[in-house]
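Written below as C-alpha cells is the structure these notes are about.
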Amino acid sequence: MTDDPNVATYKIEDGIAWVSFNRPDKRNCMSPNLNRRMGEILDELEYRTDFGVLVLKGEGTAWSAGMDLKEYFRETEAKGIGATRQAQREAYGWWRRLRWYNKPTIAMVNGWCFGGGYGPLYSCDLAIAADEAQFALSEINWGILPGGGATKVVVDLMPLRDAMYHAMTGELIDGKKASEWRLVNESVPLAGLEARVRELAEVLLKKNPVALKATKDAVRRVKEMTYDNAEDYLIRAQEASNSFDNEGRKEGIKQFIDDKSYKPGLGAYEL
Ligand code: ACO
C-alpha cells in the first residue's frame with residue numbers, strides 16, 4: 001500500500017478550491033490512503049479565507065469508481081476487524097465532514113461514479129454531472145448490498161421506485177438520467193461542465209457565507225423533522241447565525257430599504 005499524498009490534491013483559484021480524486025489510473029477508487037488524504041485536505045482547507053466554494057472533481061475519466069476493492073476491502077479485511085473499522089471511520093469520516101462543511105460544496109461529476117462514490121456525492125451540497133458521466137450502484141454486481149450509506153443516499157434523493165431499480169439492477173445510468181432521477185441537480189455536456197460549475201460557484205460566492213452555511217445545514221436537518229420541530233429549529237438557527245454575523249443581514253436590509261441598490265427577490269446584496 002502506498003502513502004502517496006498525491007492520491008488527492010487541491011488548488012485554489014479565483015475563490016474556488018478545486019479538490020481532486022487523483023488516482024486516474026485506478027479510476028479514482030477510494031483506498032484507505034486516499035480517504036486519509038481527503039480528511040487531511042478538508043482539515044487544511046475548512047477555515048481558510050482565500051476561497052468560498054469547494055468543488056470536488058475527479059482527474060481523468062472517472063469521478064470515483066467507488067471503494068477500492070483491493071485496498072479498502074480485500075487487504076483491509078485480511079488485517080482483521082480493527083483495520084476494517086478504521087478504514088470505515090476514515091472513509092465515512094471525511095464524507096461526514098463534507099456533509100457539514102463550513103463552505104458550500106459542489107460535486108463536479110466528470111465521469112464514472114460508482115457505489116461508495118455516492119457517499120461524497122451526497123455529501124456535496126450541489127452536484128452537476130456531465131451528460132456523459134456514468135453512475136451505478138454496482139455493489140449487486142459483485143455480490144453485496146449497497147452499504148456505506150449508498151442505499152440511504154438513493155432513498156433520500158430518488159423516488160422510491162427508481163432507487164429500488166437502481167439498487168437491484170446495478171445498471172448504468174448516464175448524467176441525464178441521473179439528473180432526471182434527482183441524483184444530481186443537472187447535467188450538461190462534458191465540454192461545458194467546468195464552465196457551468198464555475199458559473200454556479202460564482203453565484204454562491206456572491207452570497208453571505210454565514211447565511212450559506214446556516215442554510216445548507218438547515219436543509220439537511222429539517223428534512224427529517226416534523227413541521228413544528230423544523231419551525232423551532234429554524235428560529236434558533238437564524239438567531240444563532242445572527243450572533244456570528246450581526247452586520248451582514250443589517251447591511252442586506254439597508255441596501256434594499258435605504259439605499260435601494262438591489263432587490264432581494266432578484267439577486268444578492270453587495271458583500
Ligand atoms: N477498486 C479497485 N481497483 C479498481 C476499481 C475499484 N473500485 N476501479 C478501477 N480499478 C482499477 C482496475 O483494477 C485497473 O487496475 P489495473 O490497471 O492495475 O489493472 C484500473 O483501475 C483501471 O480500470 P479498468 O477496469 O481497466 O478501466 P476501464 O476504464 O476499462 O473501466 C470501470 C472503468 C468501468 C470504472 C471499471 O474499472 C470498473 O468496473 N471498476 C469497478 C467499479 C465498481 O463496481 N466499484 C465498486 C462499487 S461498490 C463500492 O464502492 C462499495
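In this chain, numbering begins with 1 at the start of the sequence shown. Numbering of ligands and ligand atoms starts at 1, following listing order. Excluded from the calculations below are hydrogen atoms, water molecules and symmetry mates; all remaining heavy atoms, backbone and side chain alike, are included.
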Please list, in number order, the atoms of ligand 1 under 4.0 Å from a heavy atom of Met67. 1 (N), 6 (C), 7 (N), 49 (C), 50 (O), 51 (C)
Pair Arg196 + Glu199, salt bridge at N-O below 4.0 Å: yes
Asn208 versus Tyr269, side-chain donor and acceptor atoms under 3.5 Å: yes
Option nearest atom 45 (N) of ligand 1 (shortest heavy-atom distance, choices Ala65, Gly66, Gly115): Ala65
Which value, rounded to the nearest 0.5 Å, describes the distance between Glu75 atom CD and Thr84 atom OG1? 12.0 Å
Can you tell which of Val184, Leu200, Val109 makes a side-chain contact (heavy atoms from CB on, under 4.5 Å) with Ile128? Leu200
Honestly, for Asn141 the part within reach of ligand 1 (heavy atoms, under 4.0 Å) is neither
What are the atoms of ligand 1, with element, lying closer than 4.0 Å to any heavy atom of Ser138? 43 (C), 44 (O), 45 (N), 46 (C), 47 (C)
So between Phe73, Trp142, Trp112, Tyr118, whose heavy atom ends up nearest atom 33 (C) of ligand 1? Trp112
Select the closest option to atom 1 (N) of ligand 1 among Leu69, Thr61, Asn28, judged by heavy-atom distance. Leu69
Hey, are Asp43 and Arg97 close enough for a salt bridge, meaning a charged N less than 4.0 Å from a carboxylate O? yes
Any protein heavy atom lying closer than 4.0 Å to atom 39 (O) of ligand 1? no
Using heavy-atom distances, let me know which of Arg74, Lys26, Arg27, Glu71 sits nearest atom 18 (O) of ligand 1. Lys26
Within the 3.5 Å criterion, strictly below it, is a donor on Asp156 or Tyr122 matched to an acceptor on the partner's side chain? yes
Any protein heavy atom lying closer than 4.0 Å to atom 12 (C) of ligand 1? no
Check each atom of ligand 1 against the heavy atoms of Asp25 and keep those under 4.0 Å away; list them by number with element. 20 (C), 21 (O), 22 (C)
Is atom 50 (O) of ligand 1 close to the protein, meaning a heavy atom under 4.0 Å from it? yes
